Protein chains: 2
Amino acid sequence: MTSGAADKRRLILDAAVRVFARQGFHTCRVSDIADEAGVAYGLVYHYFPSKEAILDTLFLERWEVMLAAIDEAAASDLAPREQLRAIASFIVDSYRHDPDLMKVIVVEVTRAANTFGRTHLEQIMRAYESMARIVAQGQAAGVFRSEVDATFAAQAFYGLIEQVLTQWIFSEREIPAEEFEHVKAELVEMICGGLDG
Amino acid sequence: MTSGAADKRRLILDAAVRVFARQGFHTCRVSDIADEAGVAYGLVYHYFPSKEAILDTLFLERWEVMLAAIDEAAASDLAPREQLRAIASFIVDSYRHDPDLMKVIVVEVTRAANTFGRTHLEQIMRAYESMARIVAQGQAAGVFRSEVDATFAAQAFYGLIEQVLTQWIFSEREIPAEEFEHVKAELVEMICGGLDG
DNA sequence: ATAGTGATTGACTCGTCAGTCAGGCACTCC
DNA sequence: GGAGTGCCTGACTGACGAGTCAATCACTAT
């Protein structure tokens, strides 16, 4: 069956997510992935040229979806603040839906300046740029102050999101649904409203 | 000479900073550190029980200084906003003074949820707590809004700083002095003032 | 001198793992 | 039924690198 073949590949990718999340990319063995997938060691190399290629595939698959979501928000006719909210919402929901995958992407790629972060820098930058464009539009429309550089603000926004995800990842708790919703609101409130009162 | 002994230990630590920054902790070999230090392989194990212990030492040495600086700012009678500024200033200056060391701390420890971040979680948390206390004081004094949770705001603040450092680390440029000063101001402006205009 | 102490050396050991490969299995088409 | 094709298997290899250790050196105290 041809669908069986595709299934095995998926099986390996999904197993890799769990293993990378649990043990980390550097610490896990390829045999751990094969075992987790319930598949022979060699089969991993039938579908992927190397261990790295598995991580690359996982990252690119998911990041593309995220870029699309960001660009969709940016292209909508929502108010700038609501566009940011939509992005925060999408990323938080990504974590909610598949925390292991988001953990792998954040810990092993996005924050790994030495290894894969370097390789995928361009993809990562593309996300920043889209967010910066939203801020710039808001500034042009006069709803955001122009004192802060748009790129810098985008960094602050994305940095805060990643910080929240990291906090969740470290904590290893089961996050309750209302915390997800609360954080979405707090996040935008923090970036837009600031601390001064 | 007894000072020679201490010198060799320092020599190894300083070499390790350069090697970790250049190649990353996981990718480098202990022999790389020994070579960089101009010292025999075995001597590394005379001063340190393991490769990890070198990284631990580097992190703890520096983090202690940082915690002290944060607590000093928090204990000062500066306005809350100026206390935050002092902290931002200290961390930015740390990067300015020794970018390699800060790179190692951020990339290999602070952002590494699987390996060393886990081990040093307590130390890292201590920094967050001190910053959160500053925000809470500001809120109690009425100069900061109470809409945002103090811990969350501290996360945003530290997250933004780390994001800026990461940006510098990735970029591999020589950062001009005025950019350091500009960022210090922009950072506090962003967190306190927010985007809304 | 001689012995003792701690620094220093680098060749060696030993476990670990990414990646290979020779073959087995299932399914199809003549 | 036999030959071809692609999926699948897991034992094996070869490299690599952390940590060990026995020997040497430098310096001090007796």
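On a predicted model such as this, the values are computed, not experimentally measured, just so you know. Keep in mind that the numbers below use all heavy atoms, side chains included, and drop hydrogens, waters and symmetry copies. So that the names make sense, note that chain A is the first sequence line, chain B the second, and so on, each numbered from 1.
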For residues 28-36 of chain A, which side-chain donor-acceptor pairs fall under 3.5 Å, sequence neighbours excluded?
from	atom 1	to	atom 2	distance (Å)
A/Arg29	NH2	A/Asp32	OD1	3.4
A/Asp32	OD2	A/Gln23	NE2	3.2
A/Asp32	OD2	A/Arg29	N	3.0
A/Glu36	OE1	A/Arg22	NH2	2.8
A/Glu36	OE2	A/Arg18	NH1	2.5

Kindly list each side-chain donor-acceptor pair under 3.5 angstrom involving residues 149-156 of chain B, sequence neighbours excluded, with atom names and distances?
from	atom 1	to	atom 2	distance (Å)
B/Asp149	OD2	B/Thr151	N	3.3
B/Asp149	OD2	B/Phe152	N	3.1

query: What do the steps show when you test B/Arg96 against B/Glu181 for salt bridge (charged side-chain N to carboxylate O under 4.0 Å, His left out), and what is the final call?
result: CA-CA 10 Å; B/Arg96 187 181 187 171; B/Glu181 295 312 313; 3.1 Å; yes
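Residues passing the side-chain hydrogen bond (donor to acceptor under 3.5 Å, both in side chains) test with B/Glu122 are B/Arg126, sequence neighbours excluded. The salt bridge (charged side-chain N to carboxylate O under 4.0 Å, His left out) test applied to B/Arg85 returns no partner, not counting sequence neighbours. With sequence neighbours left out, the salt bridge (charged side-chain N to carboxylate O under 4.0 Å, His left out) criterion links A/Lys51 to no other residue.
Per the geometry, CG belonging to A/Leu11 stands 14 Å off C1' belonging to D/dC7, to the nearest Å. B/Asp7 places its CG atom 15 Å from the C1' atom of C/dT8, with the value rounded to the nearest Å. Note: CG (B/Leu43) to C1' (C/dG6) measures 11 Å, nearest angstrom.
Remark: A/His46 is not in phosphate contact with D/dC8, judged by side-chain N or O atoms under 4.0 Å from OP1 or OP2. One finds a side-chain N or O of A/Lys8 lying less than 4.0 angstrom from the OP1 or OP2 phosphate oxygen of D/dC8.
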- line: Each nucleotide of nucleotides 14-26 of chain D classed B (base within 4.0 Å of a protein heavy atom), S (only sugar-phosphate) or -, in 5' to 3' order, makes ---SBBB------
